[in-house]
Amino acid sequence: MRNFISVKDIGDIDDMVQKAMHYKVDPFKDKELGRNKRIGLLFLNPSMRTRLSTQIAASNLGMEAIVFNIEKDGWKLEFEEGAIMSGNTIEHIKDAAPIMGSYFDILCIRTFPSLVNKYEDYSELFISQFIKYAGIPIVSLESATLHPLQSFTDVITIKETFKEQRKPRIVLTWAPHIKPIPQCVGNSFAEWMNTWGNCDFVIAHPEGYELDTRFTNGATIAYDQVGALEGADYLYVKNWSSYADYGKVHCNDSSWMLTADHLLKTNNAKVMHCLPVRRNVELSDEVLDSASSIVNLQATNRVWAAQAVLAEILHNLN
Ligand code: CP
């Protein structure tokens, strides 16, 4: 693996889950692998889990990690080829990225979409320009359209907790929110579930919230949440704004908030969310604080997912 941008970069998912679980058992077993290697973590957006888990993963592998809140502390970057930089951008990506490439061995980037221009967001300009100009491996810490480290963690958590000799029924169920939210987590989870394939995968959402079929292709789509939850082993709760009417909020039906009543028709489903979560908007307290919730296990597993990915990249560097 050189870059980690989507599920397409990971190879065999089950094999990578096993590698991550080995780090969970023995976090420091490869502490020499990243010796004298430096990783840069660039954030254009706030983060708790992604930032801390990736720093811990790098440290477990013996790497030095430097965090740069580029949006707050750096120069405003220009991405357009041939731009006349007489506006508010100060440094071109063509100038900034190679310098970062000389400072670091691996560069990790977190950026969000504008939710205004679908075509710009879905072209993943920011990540692709860093890949083009940095000259070192690039890891997505969440991009405009995908959140691969989160989805890898989600597969790890499902495999760790599902003990039956059959495929689990997994339902990604849309939840209300107070503002427009990117589609990245939903897109990414759908793409990973479809690629993994060892599950019956359903996406439930109100009409108008269809995700990009490039990611959902193969999944069953349901507009009836109650029917979709029947017999579910896992409920992945997440809000996203409209993809078709890009970035817009069509309906915010509070009956889609997951409550204890929703769990009654499931197969004692475990409840997942990437966090942070708006309590009593997306998910009720009674669910989040119950034994059904595995959101903290998901967040804990972020470390092992990041460690397995960084280790794969380091093996290719060494
Ligand atoms: N799930 C997730 O990416 O959390 P943070 O935004 O806190 O990193």
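Numbering of ligands and ligand atoms starts at 1, following listing order. The first residue of the sequence shown is numbered 1, and numbering continues consecutively from there.
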* **Close-contact set for ligand 1 against Cys274 heavy atoms, below 4.0 Å** => 1 (N)
* Output the list of atoms in ligand 1 that are nearer than 4.0 Å to some heavy atom of His147, sorted by atom number. => 2 (C), 3 (O)
* Can you tell which of Arg110, Gln298, Arg49 gets a heavy atom nearest to atom 6 (O) of ligand 1? -> Arg110
* Asked: Does some side-chain heavy atom of Tyr122 sit less than 4.5 Å from a side-chain heavy atom of Asn187?
  -> yes
Name every donor-acceptor pair, under 3.5 Å, that has one atom in a side chain of residues 54-63 and the other anywhere in the protein, sequence neighbours excluded.
residue: Thr54; atom: OG1; partner: Thr50; partner atom: O; Å: 2.6
residue: Asn60; atom: ND2; partner: Gln307; partner atom: OE1; Å: 3.0

* For atom 2 (C) of ligand 1, which candidate among Arg51, Glu142, Arg302 provides the closest heavy atom? -> Arg302
* To do: I would like to know whether Lys24 and Glu160 meet side chain to side chain contact (heavy atoms under 4.5 Å, CB included); could you show each step before the answer?
  => CA-CA 11 Å; Lys24 186 163 188 168; Glu160 185 181 5; 2.8 Å; yes
* To do: Of all the heavy-atom pairs spanning Arg2 and Pro137, show the shortest one and how long it is.
  => O-CB, 3.0 Å
Extract all donor-acceptor atom pairs below 3.5 Å that involve side chains of residues 100-109 and protein atoms in other chains or at least two apart in sequence.
residue: Ser102; atom: OG; partner: Ile99; partner atom: O; Å: 2.7
residue: Asp105; atom: OD2; partner: Arg38; partner atom: N; Å: 2.7

* Asked: Hey, does Pro276 come in under 3.5 Å of ligand 1, counting only N/O atoms on both sides?
  -> no
* List every atom of ligand 1 that sits less than 4.0 Å from any heavy atom of Met48, numbering the atoms from 1 in the order shown and giving each element. => 5 (P), 7 (O), 8 (O)
* To do: Answer yes if the side chains of Asp154 and Gln150 hold a donor-acceptor pair under 3.5 Å, and no otherwise.
  => yes
* To do: Could you tell me whether Leu141 approaches ligand 1 through its side chain, its backbone, both or neither, with non-hydrogen atoms closer than 4.0 Å?
  => neither
